[in-house]
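What you are looking at is a predicted structure, and each value in this text was computed from that prediction instead of being measured. Proteins get letters first, then strands, A, B, ... in listed order; numbering begins at 1 in each. Every heavy atom of this structure was used, including side-chain atoms; hydrogens, water molecules and symmetry mates were not.
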There are 2 protein chains.
Amino acid sequence: MPKVDSTKNKILDAAEELFAERGFAETSLRVITARAEVNLASVNYHFGSKKSLIQAVFERFMDSFTNHLMRQMTELEQSHQRFSVEQVLETLIKPLIEVDELRPDGSSVFMKLLGRAYSETQGHIRRFAMQKYSHVLARFTRMLHKAAPEVAPSEMFWRLHFMLGTFIFTLAGHEALQEISMSDFNEEVNVEQIIGRLVPFLAAGFSNQSIPIAAQSVGEV
Amino acid sequence: MPKVDSTKNKILDAAEELFAERGFAETSLRVITARAEVNLASVNYHFGSKKSLIQAVFERFMDSFTNHLMRQMTELEQSHQRFSVEQVLETLIKPLIEVDELRPDGSSVFMKLLGRAYSETQGHIRRFAMQKYSHVLARFTRMLHKAAPEVAPSEMFWRLHFMLGTFIFTLAGHEALQEISMSDFNEEVNVEQIIGRLVPFLAAGFSNQSIPIAAQSVGEV
DNA sequence: GTATGTTTCAAACAAGCGTTTAGATTTAGG
DNA sequence: CCTAAATCTAAACGCTTGTTTGAAACATAC
């Protein structure tokens, strides 16, 4: 797919930025088409409705991200017979960063958008994502299980979602945190450094042996 | 403050539920006043604007929560000379649960509302909260530092926000997760059990000794 | 009981929304 | 070059939004 400046793409680009900045409901089609420099009616012509546009925006960057991620997971599996939880988590880093570096301004639109999609609109996007990208999540889960077979499946489920939550939540709001960090500690940190702190934090939580409730059978892969 | 069924309170109660269910932007004053069984104009009469109403809703439950939390922290400080990270995190549990149990239907409105407030509206509520409740956060930070003095201040900052993120994110979306857990593992879990899994997970991450970048001085607990 | 201040109410307001329409313009194929 | 399909455009549609209005209802005090 060549990167053409078609009306459709101009709308997607503008919508992506604006949705990330202001949220879905708070962004009108008029400001989107104004920034994209296209006619108002073209949104409905090309996408049918605003709801479909939101989904199209979400799908475009999510496809890109999951493709990167799948490649990273394959790479890890092929290069290492055994791998750690930390290594599995690290497969997220490159895709997470590269998806944003493609953008012209380079401001991390992806993370903010993901945060919006997760919380907004009664979780309707979330359900869609769980369906369309379930195979990616399943593969990621399988790799985590291989890295830490001592964690029981149901416990694994919860810890995985704890990790996803932290990732999305932290990175979606990272700009505010970066500001505070700068003013409180005179410490300039970029997104990669935040992830660098985040991964060990999560890996430690994930691999934690103290199981709160009933311990299940400890199997093997 | 006696629990009066004043128009003002009826509006706050209805708005709280609806904001949690559907978000701020997606909830109109008309549905709020309809559920509250009051006149549409009374919102502007009592609160001035919708924006002020949102802030009033947020403030009411946040005040209640932070009061509980402050009491819990005092209790822990008075009963133990030394305490663990896990114990500090556990001070969150009761306030988190009790704030919701006050509600008539008992459905965890608080967590959902907090999630909304965190992500929505350009972080405008978040900034307001950081300002008004900064002393609570400061005290919580101080207690964490006392529990784990080996964690450097800047590292502490990040880990604290990782934890906050996970807490809010997980609990805001806990209903979806509970559903999945039910269908995938036939495991019925309540909010307390989720928190029961969450606390050790976070404590392990927080106390993690493997520091990613420059290793600081390693003290003692 | 009348006067004063507060609260409620139905109705209307202007503004913004997503969407539709119908005609102009551009594009592509024979 | 002509035709037919695809795309773009300005204008309007119907609807919902937050807010305002001015009178009615209520409460309180003298």
| query | Listed in order of residue number, which residues of residues 39-49 of chain A have a non-hydrogen atom at under 4.0 Å from DNA chain D? | reply | A/Asn39, A/Ala41, A/Tyr45, A/His46

| All side-chain contact (heavy atoms from CB on, under 4.5 Å) counterparts of B/Thr33, not counting sequence neighbours | B/Val38, B/Leu40, B/Val43

| message | The criterion is salt bridge (Lys or Arg N to Asp or Glu O under 4.0 Å); which residues satisfy it with A/Glu192, sequence neighbours excluded? | response | none

| query | Can you give the first and last nucleotides of DNA chain D, 5' to 3', that have an atom under 4.0 Å from a heavy atom of chain A? | reply | D/dA6 to D/dA12

| query | Is any N or O donor-acceptor pair between the side chain of A/Arg30 and the base of C/dG16 shorter than 3.5 Å? | reply | no

| said: Show every salt bridge (charged side-chain N to carboxylate O under 4.0 Å, His left out) that has at least one partner inside residues 30-42 of chain B, sequence neighbours left out. | reply: B/Glu17-B/Arg35, B/Glu21-B/Arg35

| With sequence neighbours excluded, what pairs up with B/Phe206 under the ring-ring contact (aromatic ring centres under 6.0 Å, His included) test? | none

| message | With nearest nucleotide decided by heavy atoms, which residue, B/Glu37 or A/Thr27, maps closer to the 5′ end of DNA chain C? | response | B/Glu37

| Are any of the side-chain nitrogens in B/Lys112 or B/Glu16 under 4.0 Å away from the carboxylate oxygens of its partner? | no

| field | From CA spacing to verdict: side chain to side chain donor-acceptor pair (under 3.5 Å), A/Thr91, A/Arg71 | value | CA-CA 9 Å; A/Thr91 61; A/Arg71 238 176 292 134; over 6 Å; no

| field | Interatomic distance, B/Glu26 CD vs C/dC17 P [rounded to whole Å] | value | 15 Å

| message | Main chain of B/Glu187, side chain of B/Ser181: is a donor-acceptor contact present, judged purely on distance under 3.5 Å? | response | yes

| remark: Between CG of B/Leu29 and P of C/dC9 the distance, given in whole Å, is 16 Å

| request: Kindly check if the number of other-residue, nucleotide or ligand heavy atoms within 6.0 Å of NZ (A/Lys132) is above 12? | output: yes

